[in-house]
Amino acid sequence: MLTNEYVKRVYDQVQKRDGDQPEFLQAVYEVLDTLQPVVAKHPEYEANGVLERLVEPERVVKFRVAWVDDAGKVQVNRGYRVQFNSAIGPYKGGLRFHPTVNEGVIKFLGFEQILKNSLTTLPMGGGKGGSDFDPKGKSDAEVMRFCQAFMTELSRHIGQFTDVPAGDINVGAREIGYLFGQYKRIRDEYSGVLTGKGLEFGGSLARTEATGYGLCYYTAEALRVLKNDSFEGKTVVISGSGNVAIFATEKAQELGAKVVTASDSNGYVYDPDGIKLDIVKDIKLGHRGRIKEYAERVPGAEYHEGCSGVWTVPCDIALPCATQNEIDEASAEALVKNGCKVVCEGANMPSTPEAIAVYQKNGLLYGPAKAANAGGVAVSGLEMSQNSYRLSWTFEETDAKLKSIMESIVAESLAAAKEYGEEGDLMAGANIAGFVKVANAMVAQGIL
Ligand code: GLU
């Protein structure tokens with residue numbers, strides 16, 4: 001509940017201005033709620049207008065993306081880039097191509113990215129972008145033409161020292177390749193302007209695996225520190241079957257867990273013997289198929305229509321890796337009823353506030369997205385370093401850096417939570433630790 005006068009005033013203003021952006025309001029409310037003890041202790045934040053500046057993007061770019069489909073018909077989509085906060089580094093964050101994308105969704109993602117990027121300890125500000133373009137069912141050539149049209153405008157606003165986009169939902173190696181090519185053609189400049197690039201043109205080893213692996217490193221460390229426990233022998237429910245879910249499954253299995261589910265926007269599969277990841281990879285990475293195919297190929301596996309049913313599958317650990325608000329109150333109750341003790345988030349904001357309240361009431365170990373899924377952008381930061389050095393590190397070296405960053409996020413979060421009387425609260429701790437660094441930089445740089 002918001003009780004601090006300053007925080008209440010800032011939130012009221014956001015509500016007045018952005019009342020039509022529910023996801024953005026949700027993300028802001030959660031953060032402001034946990035920052036109340038911090039602003040109470042540090043009057044300099046109010047004196048410098050830190051919160052009212054933090055909730056207002058430095059720049060929002062919204063543009064038309066016109067392209068021609070395979071049938072020769074003109075298509076028009078909307079493109080966005082929200083350059084939210086550059087206090088600690090150039091804007092950094094992914095691009096999402098999905099029909100649900102609008103300004104409010106990109107703003108919530110950009111706002112989360114500010115604190116997430118700060119937690120990685122690397123010098124990256126917060127940004128996010130994307131389009132309501134739906135790549136589902138589009139040919140390669142259509143995706144390429146769309147990416148070229150999108151980058152033609154975006155190229156005016158980004159640069160290796162200004163803003164460095166990457167992938168998010170539906171933006172993977174193929175899209176980053178097309179986007180990079182078009183940037184290079186327009187600017188006649190070969191720079192690390194995007195991350196998640198192919199290994200042949202400046203990409204980093206372990207970037208593909210980073211979000212999913214990082215999620216498991218974070219979860220393993222939180223389990224070790226808070227519960228003296230591990231993944232060994234645990235049953236894990238994972239939603240999604242994209243890049244984050246696939247590599248979370250791979251690492252959880254490697255750490256001794258049994259992952260029993262995978263899902264997409266149509267439904268989920270349950271495999272009581274444990275998900276065969278090579279089949280999921282073949283379906284999703286091999287030919288961009290639907291997860292239903294898994295149950296057709298694997299004897300003993302079941303397919304169920306509708307994705308929220310995945311949360312009724314009994315498990316010890318749940319790793320939501322699909323999309324925002326995929327776990328509501330009823331799903332959280334179902335998880336708890338069936339024995340789930342840990343929820344760590346691979347997707348951005350996958351739990352509604354009501355779901356988080358259920359985790360808290362029942363004493364679950366809850367690892368919030370901006371900490372638990374920071375591994376992706378962390379290795380993006382390492383990709384930027386390698387591009388600047390003009391060299392590349394081995395997989396082992398990069399993976400070891402990722403692991404140590406995820407472990408330090410757990411430590412940083414717990415230390416911040418303790419300092420502000422919220423001992424053991426990974427959500428409050430992540431918000432506070434992420435915020436303090438950005439806030440101090442904003443104060444030091446003056447009123448901008
Ligand atoms: N889209 C990812 C995220 O939500 C990664 C962003 C990046 O690598 O810049 O953090």
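Quick caveat, the model's predicted, so the values are computed rather than measured. Start at 1 and go down the list; that is how both ligands and their atoms are numbered.
By the 4.0 Å N-to-carboxylate-O rule, Lys284 lies close enough to Asp264 to be salt-bridged with it. Using a 4.0 Å cut-off between a side-chain N of Lys or Arg and a carboxylate O of Asp or Glu, Arg96 and Asp168 qualify as a salt bridge.
Looking at Asn348 against ligand 1, only its side chain comes within 4.0 Å, counting heavy atoms. For Met124, no heavy-atom contact with ligand 1 is shorter than 4.0 Å.
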Using distance only, find each side-chain donor-acceptor pair of residues 409-419 under 3.5 Å and give its atom names and separation, not counting sequence neighbours.
residue, atom, partner, partner atom, Å
Ser413, OG, Ile409, O, 2.7

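Looking only at heavy atoms of the protein, atom 9 (O) of ligand 1 is closest to Lys92 NZ, 2.7 Å. Here the protein heavy atom with the shortest distance to atom 5 (C) of ligand 1 is Arg207 NH2, 3.5 Å. In terms of protein heavy-atom proximity, atom 6 (C) of ligand 1 is closest to Gly94 N, 3.5 Å.
If you look at Phe180 and Tyr190, their ring centroids are closer than 6.0 Å. Taking the six-membered ring for Trp, Phe133 and Phe150 have ring centres at least 6.0 Å apart.
Near Lys116, meaning under 4.0 Å from one of its heavy atoms, ligand 1 places the atoms 3 (C), 4 (O), 10 (O). If you number the atoms of ligand 1 from 1 as listed, the ones under 4.0 Å from a heavy atom of Ala166 come out as 7 (C), 8 (O), 9 (O). Set against the non-hydrogen atoms of Ser380, the atoms of ligand 1 under 4.0 Å away are 7 (C), 8 (O), 9 (O). Every atom of ligand 1 is numbered from 1 in the order shown, and the set under 4.0 Å from a heavy atom of Gly167 is 1 (N), 2 (C), 5 (C). The ligand atoms of ligand 1 that sit less than 4.0 angstrom from a heavy atom of Lys128 are 1 (N), 3 (C), 4 (O). Close contacts of ligand 1 with Asp168, meaning ligand atoms under 4.0 Å from a residue heavy atom, involve 1 (N), 2 (C), 4 (O).
Side-chain atoms of Asn362 come within 3.5 Å of backbone atoms of Val358 as a donor-acceptor pair (strictly under, hydrogens ignored).
A perpendicular orientation is assigned to the rings of Phe24 and Phe111, their planes being inclined by more than 60° (bins at 30° and 60°).
Applying the salt bridge (Lys or Arg N to Asp or Glu O under 4.0 Å) test to residues at least two apart or on different chains, the pairs with a partner in residues 201-223 are Glu221-Arg224.
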